[in-house]
Amino acid sequence: MIKITLPDGSVREVAPGTTPAEIAAAIGPGLAKAAIAARVDGELRDIGRPLEQDARLALVTAKDEADALELARHDFAHVLAEAVQALFPGTQITFGPATEDGFYYDFAPAPERGPFTEEDLPAIEEKMREIIRADKPLVREVWSREDLIARWRAEGESFKAQWAAELPGDEELTVYRSGGDWLDMCRGPHLASTGKLDPQAFKLTRVSGAYWRGDQNNAMLSRIYGTGWLNRKQLEAHLTMLEEAAKRDHRKLGAEMDLFHLQQEAHGSVFWHPKGYIIWRALEAYLRRRLDAAGYQEVKTPQIMDARQWEQSGHWGKYRENMFVIPDEVPNTEDEGPVVSNDAQWMALKPMNCPAHVLIFRQGIKSYRDLPLRLAEMGCCHRNEPHGALHGLMRVRQFTQDDAHIFCREDQLVSEVAQFCDLLDVVYKDLGFADYAIKLALRPDKRFGSDEMWDWSEQSLRDAVAATGRATPEWGWEELPGEGAFYAPKLEFHLTDAIGRTWQVGTIQTDTVLPERLDASYVGEDGDRHRPVMLHRAILGSYERFIGILIEHYAGRFPLWLAPVQAVVATIVSDADGYAQQVVEKLRTAGIRAEADVRNEKINYKVREHSLAKVPNLLVVGRREADEGTVALRELGKEGQSVLSVEDVIARLAKEALPPDMR
RNA sequence: GCCGCUUUAGCUCAGUCGGUAGAGCAUCGCAUUCGUAAUGCGAGGGUCACGUGUUCGAGUCACGUAAGCGGCACCA
């Protein structure tokens, strides 16, 4: 007999080979029905997998939502694979995991058929429902490697065969059999049968290409994505959330609110319209005040530098494929012949500001007393990004970083990083992001520098965050092995937006490589020359992307200090036009971005239009207000209005419109 | 860069079997002066992304190019 300890501490003695399902049945019929899987000594397992030795056992039900979702999504992926093979013979299966909101499966379609398209999805969904309703048992089997490889080869499953051959030797190879003869190699666990899934709780959402094992040198597979849940209600809630997310898409709002546009003649670069650039300017002015107060000195460096400079910094070798290069010669002005000769010298648009900041540091002799030196730049950078990577404001080819480089002594590093964390905390909270996570990206396999340097850098960053009290799980503190830059570890700051998505924006990273390459040094207390440590850091990342995130976070309803138009004065009758103009003038004098709407339209029309345009304050004036020197204030998102004197409205809006650091 | 889809008026979209393009909103004009989410009437507006081909004839079919969208890869 073996001893099974349940979560309440009670112990049951059962015969070896008893399954968790049988134990659930022994406890009660309710639990037997609700139990979908088991945790055995903490490990999630099939409910039908026999217990062979003493163990702690917890039965998993739908109430254990994270586990239940993970299982259901993984099962949906298998059902998807089975459905696709049933409908499209000759399709090879490869790999299909659960994702954050569902699942996907990568297929190698029969060559004559080609990749799947969205038109295939309804039929596949229908087949999946059929498989679910058939309630096929999912049975775990352990196979020998030889048998498994032979089976995959026999079925023409070359990807599976290759994978089975390459799995580590000590790993137990398991397959799951669905009903009769369909099987997939999988570590599991799975639900007991396909019928445990809700046929109304999934939806296939899209198709795409994906490389086998994520490597672009490998075959392109055809991936089908789905979203999967425990029940129909959850699915519908998720689909509604997706619609909400689509409504706040910055590309859509950017056009609707006339903030910016993109066009193919400058693809990857942004045309900022007056209203969009107001947001930029407000953000930039705010950040500049914060940086000034935090001891940064702002600089401006060249847009174009000679290729030799980029060679020396290492960018020419490591980063050239992402740089825009420019011939350093007078272009041929004749109609015939090439514009540039074959022996042109090259220059390049800067993809980063760091080398230029080192060049400023190197001017004159620096003493240890000059450190830390914090050089900031609203640096406009160009990167020749792959076309497929471009995405609205989020990924562009010309962007402006809120960049800075801190040159300091080794003994100043922890304090500088900690101060940066504090500054960044203030800025994020001011901008409406109370929730963010801090992560430490550790050394990658391919890297520069000694292990001692990496030990020291990683520990310094760790210590600095610990000094601020933020290296805790509540702060989302996490260490990410292998994610660091090739020259240094980095701290990453991930914002959570209003609908729960995360965005990596801020970063700070140590760098001892570039000061070395560009021979930056200072004279120490001892009279010798020393290398400064360089910290690369950004709070917003890029203005373009950060404004994109702000648009989506606020769904276009910006806090007043960032709103492009802060107030519209709308008339009811043309008799009030002159008064409206006066009110607008007073608002503008008080520094409020106000416009008059004296069009010959009904007030209903104006209210609707300015509400849709997300104007935060609508000041309605008719004959009565003009006579009394008042306005009827209607705030966006609120019902009704309040009648106030012009002076009161101005005082109120002027106070509300102050940037957070000036309140 | 790779896979799939898309591209028609400023915007959102319709356009049948290949026969020379249409709606709503927006714009402009006229009327209307109205109290909190669309006043009425009228007018103008198109190289159907671009190129090549098939055809008597192409928005429609084929091929190519570009951009956009969804992913993959990339983001040192």
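Residue numbering restarts at 1 for every chain, and letters A, B, ... go by the order of the sequence lines. Fair warning: this is a prediction, and the values are worked out from it, not measured in the lab.
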NA contact type, Glu609(A), heavy-atom cut-off 4.0 Å: base, sugar-phosphate, or nothing?
-> nothing

Does a nitrogen or oxygen in the side chain of Arg251(A) sit under 4.0 Å from OP1 or OP2 of rC69(B)?
-> yes

rC56(B) pairs with which nucleotide, Watson-Crick or G-U wobble, both distances below 3.5 Å?
-> rG19(B)

May I ask you to decide whether Arg537(A) forms a salt bridge with Asp403(A), counting only side-chain N to carboxylate O separations under 4.0 Å?
-> no

Strand partner of rG44(B), provided both Watson-Crick or wobble distances fall under 3.5 Å = none

Does a distance-only test, which skips hydrogens and angles, find a donor-acceptor pair under 3.5 Å between the side chain of Tyr211(A) and the base of rG71(B)?
-> no

Are Arg213(A) and Tyr211(A) close enough that a side-chain donor and a side-chain acceptor fall under 3.5 Å?
-> no

For Ile603(A), answer base if it contacts any base atom (sugar-phosphate contacts may also be present), sugar-phosphate if it contacts only those atoms, and nothing otherwise; contact means non-hydrogen atoms under 4.0 Å.
-> sugar-phosphate

d(CD, Gln263(A); C1', rA67(B)) in whole Å = 11 Å

Check whether any side-chain N or O of Thr227(A) sits under 3.5 Å from a backbone N or O of Asp101(A) as a donor-acceptor pair, and report yes or no.
-> yes

RNA chain B nearest-nucleotide lookup for Arg599(A) and Arg634(A): closer to the 5′ end is Arg599(A)

Give a yes or no on whether a salt bridge exists between Lys160(A) and Asp184(A), defined as a side-chain N under 4.0 angstrom from a carboxylate O.
-> yes

Taking a pair as Watson-Crick or G-U wobble with both distances under 3.5 Å, which nucleotide is matched to rC11(B)?
-> rG24(B)

Under a 3.5 Å limit on both distances, the Watson-Crick or wobble mate of rG1(B) is rC72(B)

Salt bridge check: are Arg443(A) and Glu483(A) linked by an N-O gap of less than 4.0 Å?
-> no

Could you check whether Glu119(A) gets within reach of a base, just the sugar-phosphate, or nothing at all, counting any heavy atom under 4.0 Å?
-> nothing

Quickly work out the Ile572(A) CD1 to rG35(B) C1' distance and round it to whole Å.
-> 4 Å

Among rA73(B), rG4(B), rU33(B), the one nearest any side-chain atom of Val207(A) is rG4(B)

As its Watson-Crick or G-U partner within any shown strand, both distances under 3.5 Å, rC63(B) has rG51(B)

Rounded to the nearest Å, what distance is computed from the CZ atom of residue Arg206(A) to the C1' atom of nucleotide rC5(B)?
-> 13 Å

Can you tell me the Watson-Crick or wobble partner of rU33(B), both distances under 3.5 angstrom?
-> none

Using a strict cut-off of less than 4.0 Å between a Lys/Arg side-chain nitrogen and an Asp/Glu carboxylate oxygen, indicate whether Arg251(A) and Glu552(A) qualify as a salt bridge.
-> no

Tyr225(A) near the nucleic acid: base, sugar-phosphate alone, or nothing, with a heavy-atom cut-off under 4.0 Å?
-> sugar-phosphate

May I ask you to say whether Lys350(A) pairs ionically with Glu377(A), meaning some side-chain N is under 4.0 Å from a carboxylate O?
-> yes

Rounding to the closest angstrom, what is the interatomic distance between rG22(B) and rG15(B) at atom P?
-> 15 Å

When you measure from the side chain of Asn604(A), which nucleotide among rA67(B), rG70(B), rA37(B) comes out closest?
-> rA37(B)

Within the modelled atom types, does a donor on one side and an acceptor on the other bring the side chain of Arg623(A) and the base of rC34(B) under 3.5 Å apart?
-> no

For Glu118(A), which contact category applies under a 4.0 Å heavy-atom criterion: base, sugar-phosphate, or nothing?
-> nothing

Sugar-phosphate, base or nothing in reach of Ala255(A), heavy atoms under 4.0 Å = nothing

Compare side-chain N and O positions of Tyr105(A) against OP1 and OP2 of rG71(B) and report whether any pair is under 4.0 Å apart.
-> no

What does Leu618(A) touch in the nucleic acid at a heavy-atom separation under 4.0 angstrom: a base, only the sugar-phosphate, or nothing?
-> nothing

Considering only heavy side-chain atoms of Arg608(A), the closest of rC2(B), rA37(B), rG70(B) is rA37(B)

Can you find a side chain N or O atom of His391(A) that sits less than 4.0 Å from OP1 or OP2 on rC69(B)?
-> no

When all nucleic acid strands are considered with a 4.0 Å heavy-atom cut-off, which category describes Gly640(A): base, sugar-phosphate, or nothing?
-> nothing

Consider only side-chain N and O atoms of Gln401(A) and Glu544(A), and report whether a donor and an acceptor are under 3.5 Å apart.
-> no

In whole angstroms, how far is the P atom of rC30(B) from the CD atom of Glu601(A)?
-> 14 Å

How is Tyr605(A) classified with respect to the nucleic acid when contacts are heavy atoms under 4.0 Å: base, sugar-phosphate, or nothing?
-> sugar-phosphate

Could you state the atom-to-atom distance from CG of Asn322(A) to P of rG1(B) in whole Å?
-> 13 Å

Minimum-distance nucleotide (side-chain atoms of Leu612(A) versus rA38(B), rA37(B), rG35(B)) | rA37(B)

Which nucleotide in rC34(B), rG4(B), rU39(B) has an atom nearest any side-chain atom of Val573(A) = rC34(B)

Would you indicate what His610(A) reaches in the nucleic acid, counting non-hydrogen atoms under 4.0 angstrom: base, sugar-phosphate, or nothing?
-> nothing

Output the single nucleotide from rU33(B), rU39(B), rC75(B) whose closest atom is nearest the side chain of Arg395(A).
-> rC75(B)

Just how far, in rounded Å, is C1' of rC2(B) from CG of Asp106(A)?
-> 14 Å

Separation of the P atoms in rC69(B) and rC13(B), to the nearest angstrom | 14 Å

Just checking Pro386(A): base, sugar-phosphate only, or nothing, at a heavy-atom cut-off of under 4.0 Å?
-> base

Can you find a donor-acceptor pair, distance only, under 3.5 Å between Glu625(A) side chain and rG35(B) base?
-> yes

Length of the line joining His387(A):NE2 and rC75(B):P, which is rounded to integer Å = 17 Å

Whole-Å gap separating P (rG71(B)) and CZ (Phe107(A)) | 19 Å

Pairwise 5' ranking along RNA chain B for Arg223(A) and Ser611(A), keeping only the more 5' one = Ser611(A)

